[in-house]
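Read through the structure below, which is laid out as structure tokens, and then see the notes.
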Amino acid sequence: MAGGSKDSRGKNGSSERDSGNRLLSPFARRLLYWSVGTAGLATLGYYTARDEIEAFDNKEPPQDVRLLEGASYKGLPIVDTPRRVDGEERERLVILGSGWGAVSILKTVDADAYDVTVVSPDNYFIFTPLLPSVTVGTVEFRSVMEAIRRVVKRIGGAYIEAAAVDVDFEKKYVLVEKDGEGRVWVPYDRLVVGVGAQSITHGAKGLEFCHKLKTINDARCMRQHILANFERAALPTTPLEEK
């Protein structure tokens, strides 16, 4: 008797599921899943973009980097590094780079002891362990990037989008340049060099034909190359041997 009731319930449940599946065609189910997924991604994107906007939309404006009036060194202007409004003297800490070393210091430095200025040609930090996931599409580009201005803002520092090309250790000046648009000196009391290193091949032959995976542009190029290969393989004119 009990077995019969279980069978009847099983048959009823199965029939209900079958009828529910018949109500939604495969296209309708895919459309429903796509709609739910798109709504979720849109919500996530809204809150992420809102956080990025809040990094610039402050009650107090970010530190403004200006030139010292009438001051120059070796014929080039000198940057007036930021000073706090309370007038207390603090050491000028200049950090070169926006990678792991620089960000580690920015997140642990005593903001009350230093006036911090970050100099880097890249205004973002990359979480490099996730770069392989970016290339295959499981993680989006923006998910592995964090704006350096947002990090610097937390300690009331300043940021200069430029590359360091020379250091005068005797006078404690760093010469920075932005894409050939002019050079300026940045004075410092303490200097942190966190610019990273260039990749080397150790003489291995054939590496010039390989993709590198160190920067966000490397991940973008590799991802585009993979997608282009899939699209070319899907063309009816592509020979089977090449596929």
Side-chain angles (χ1 to χ4, degrees), residues 52-85 87-107 109 111 113-126 128 141-142 144-200 212 214-221:
E52 292 182 355
I53 294 173
E54 288 176 353
F56 299 95
D57 186 16
N58 308 313
K59 294 181 180 179
E60 297 180 0
Q63 292 282 1
D64 191 12
V65 181
R66 301 179 180 180
L67 298 178
L68 280 172
E69 294 185 6
S72 64
Y73 179 63
K74 294 184 179 180
L76 296 174
I78 301 175
V79 170
D80 185 9
T81 50
R83 281 291 182 265
R84 303 298 175 86
V85 295
E88 182 181 351
E89 281 294 324
R90 291 177 173 84
E91 286 191 308
R92 297 167 296 185
L93 174 63
V94 175
I95 301 176
L96 306 181
S98 57
W100 285 96
V103 170
S104 298
I105 293 177
L106 288 173
K107 292 188 175 182
V109 69
Y114 299 99
D115 283 322
V116 181
T117 301
V118 177
V119 179
S120 174
D122 299 323
N123 62 356
Y124 52 85
F125 164 76
I126 305 175
T128 49
F141 294 100
R142 65 185 303 167
V144 300
M145 301 170 64
E146 183 175 6
I148 283 297
R149 289 189 182 275
R150 181 188 300 176
V151 182
V152 174
K153 168 205 167 185
R154 297 168 186 158
I155 57 174
Y159 169 72
I160 302 175
E161 189 179 60
V165 295
D166 193 11
V167 179
D168 191 324
F169 293 102
E170 182 178 354
K171 296 294 184 180
K172 291 189 174 182
Y173 283 142
V174 179
L175 183 62
V176 303
E177 180 184 38
K178 170 63 176 176
D179 296 334
E181 297 179 1
R183 295 184 172 188
V184 295
W185 291 101
V186 180
Y188 68 89
D189 297 309
R190 293 180 181 269
L191 179 66
V192 176
V193 181
V195 296
Q198 292 183 345
S199 301
I200 57 176
K212 298 181 295 182
K214 186 176 182 179
T215 67
I216 200 69
N217 288 330
D218 293 339
R220 182 179 289 108
C221 290

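A quick note: this is a predicted structure, and the numbers were derived from the prediction, not measured. Numbers here are sequence positions counted from 1.
- Interatomic distance, CG of Leu191 versus CZ of Arg92, reported as 12.0 Å (0.5 Å rounding).
- Taking all atoms of both residues into account, the shortest heavy-atom contact from Val79 to Pro187 is O-CD, 3.2 Å.
- Between Val165 and Glu177, the closest heavy-atom pair is CG1-OE1, 3.8 Å.
- Here the side chains of Asp80 and Leu67 are not in contact, with every heavy-atom distance at 4.5 Å or above.
- Looking at every heavy atom in both residues, Gly97 comes nearest to Ser120 through C-CB, 3.8 Å.
- A salt bridge does not link Asp218 with Lys212: every distance from a Lys NZ or Arg NE/NH1/NH2 to an Asp or Glu carboxylate oxygen is 4.0 Å or more.
- Using a 4.5 Å heavy-atom cutoff, the side chains of Asp168 and Leu175 are not in contact.
- In this structure, Thr117 OG1 and Tyr159 OH are separated by 12.5 Å, a value rounded to the nearest 0.5 Å.
- Closest approach of Asp115 to Arg90, counting heavy atoms only: OD2-CB, 3.8 Å.
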(message) Could you walk me through whether Ile216 and Phe141 satisfy the side chain to side chain contact (heavy atoms under 4.5 Å, CB included) test, starting with their C-alpha distance in whole Å, then the side-chain angles of each, then the deciding distance to 0.1 Å, before giving a yes or no?
(response) CA-CA 7 Å; Ile216 200 69; Phe141 294 100; 3.6 Å; yes
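- Contact check for Phe125 versus Leu106: no side-chain heavy atoms found under the 4.5 Å cut-off.
- Taking both residues in full, the closest heavy atoms of Ala162 and Val119 are given as O-CG1, 3.5 Å, listed atom of the first, atom of the second, then distance.
- In this structure, Leu96 and Val192 have side chains that are not in contact, with every pair of non-hydrogen atoms separated by 4.5 Å or more.
- Looking at Val118 and Ile148, their side chains come closer than 4.5 Å, going by heavy atoms from C-beta outward.
- Between Ile95 and Ile105 there is a side-chain heavy-atom pair separated by less than 4.5 Å.
- Contact annotation: the side chain of Trp185 approaches that of Lys74 to within less than 4.5 Å [non-hydrogen atoms, C-beta and beyond].
- Under the 6.0 Å distance and 45° angle rule, Arg190 does not count as a cation-pi partner of Tyr114.
- Going from atom CD of Glu146 over to atom CD1 of Ile126 covers 12.0 Å, rounded to the nearest 0.5 Å.
- Lys214 NZ to Thr128 OG1: the interatomic distance, rounded to the nearest 0.5 Å, is 10.0 Å.
- The two residues Tyr188 and Val167 make their nearest non-hydrogen contact at OH-CG1, 3.9 Å.
- In this structure, Arg154 and Lys107 have side chains that are in contact, with non-hydrogen atoms separated by less than 4.5 Å.
- Side-chain atoms of Asp166 and Tyr173 form no donor-acceptor pair, as typed in the model, at a separation below 3.5 Å.
- Of the possible polar contacts, none joining the Tyr124 side chain to the Arg142 backbone as a donor-acceptor pair under 3.5 Å is found.
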